[in-house]
Amino acid sequence: DNVTVELLSSGGTQLVTSGNLLTARTHTFTRTETVAGTYDYTIRLTDSAGNTTDYALNGVVLSPPPPPIFEINMTSGIPTSYNGISITNDSITYSSPESAGNFIESSSVVGGLTADLSSVLSTNGSITVVCKFKYSGGVMFHIGDQSNGKAFGLDFNINLETLYHYTWANDYTYNIPDLNFGTGWNEIIAVYDKDASDPNRLILYKNGVRQTPSTYATNPTIDLTNNRTLLIGNRYSVKDWDGYMEYIRVYQGAYSPSDF
């Protein structure tokens with residue numbers, strides 16, 4: 001016999017047919033709604049004779065992904081502001097040789113993008129930064145005052161990929177060798193979770209997969225009391241990003257790929 005499985009919306013619209021229940025006991029349905037809310041569904045089983053049995057699946061809550069407190073999306077150029085927050089462009093050149101919009105900064109250019117997040121970012125909360133990019137190396141982003149030893153950033157070089165809690169003495173605290181980004185597009189999620197303990201306080205995801213650090217310091221603390229400036233493509237005196245970015249987003253809180 002063959003028993004097919006269907007997922008129907010509350011109005012009876014067929015959303016998914018998932019095949020034979022007798023040969024595959026586990027079925028995954030991807031909902032098509034994009035608006036948060038509570039939804040009702042029907043799971044319908046149909047046997048080979050055409051007989052149907054319906055099961056109600058009511059009260060399914062669809063939660064939206066968390067909204068960023070700040071975003072720079074470069075699909076059509078480099079914006080000058082986001083929700084009233086000004087974006088300063090120091091010598092970054094927009095380029096679109098790829099299918100998606102990007103900006104590029106040559107390693108020979110001294111510059112970057114700057115935004116003051118003091119109106120939206122807390123001084124000592126958890127932080128998540130998401131970025132889609134192709135790179136050759138350099139500093140991706142930096143938040144905070146590096147002189148107080150409690151800033152947050154992401155820095156790449158040829159031999160060492162580093163999510164760092166930065167100090168003036170170059171105290172990198174979360175080193176991940178051999179990330180092997182290659183020449184294609186990648187997405188990273190960099191997380192500082194103030195309520196977690198090492199090795200879970202600083203976390204880096206590459207294309208949805210959590211990376212394992214080779215070394216990390218003990219429970220670093222990020223404190224942005226003196227400075228909540230976001231630097232993209234540079235870290236004050238170090239301005240060496242060389243690559244493309246499609247977007248970079250900042251979230252207040254500690255998130256994982258499943259949240260997005």
Discussion item. Regarding Arg44 and Glu6, does a basic nitrogen lie under 4.0 Å from an acidic carboxylate oxygen?
Written reply: no

Worksheet item: What's the verdict on side-chain contact (heavy atoms from CB on, under 4.5 Å) for Leu121 and Gln252, showing C-alpha distance, side-chain angles and the deciding distance?
Response: CA-CA 7 Å; Leu121 184 62; Gln252 184 74 79; 3.2 Å; yes

Worksheet item: Out of curiosity, Ile85 CD1 to Glu71 CD, how far, rounded to the nearest 0.5 Å?
Response: 11.5 Å

Discussion item. Using side-chain heavy atoms (C-beta onward) and a distance below 4.5 Å, is Val129 in contact with Ile143?
Written reply: yes

Worksheet entry | Distance (rounded to the nearest 0.5 Å) between Ile127 CD1 and Asp193 CG | 11.0 Å

Item to complete: Could you grab the distance from atom OH of Tyr55 to atom CG of Leu8, nearest 0.5 Å is fine?
Response: 14.0 Å

Worksheet item: What distance do Thr114 atom OG1 and His142 atom NE2 have between them, rounded to the nearest 0.5 Å?
Response: 11.0 Å

Worksheet item: Ile203 and Asn200: which non-hydrogen atoms are nearest, and at how many Å?
Response: CD1-O, 3.4 Å

Worksheet item: Do the rings of Tyr244 and Trp185 sit parallel, tilted or perpendicular, given the 30° and 60° boundaries?
Response: tilted

Practice prompt. State which residues pass ring-ring contact (aromatic ring centres under 6.0 Å, His included) with Phe133; sequence neighbours excluded, sorted by chain then number.
Written response: Tyr135, Phe156, Phe181

Fill in: side-chain hydrogen bond (donor to acceptor under 3.5 Å, both in side chains) partners of Ser197, counting only residues at least two apart
none

Fill in: Parallel, tilted or perpendicular, as decided by the 30° and 60° cut-offs, for the rings of Phe141 and Phe152
perpendicular

Item to complete: Please determine if Arg249 forms a cation-pi arrangement with Tyr251, meaning its NZ or CZ atom is less than 6.0 Å from the six-membered ring centre and no more than 45° off the ring axis.
Response: no

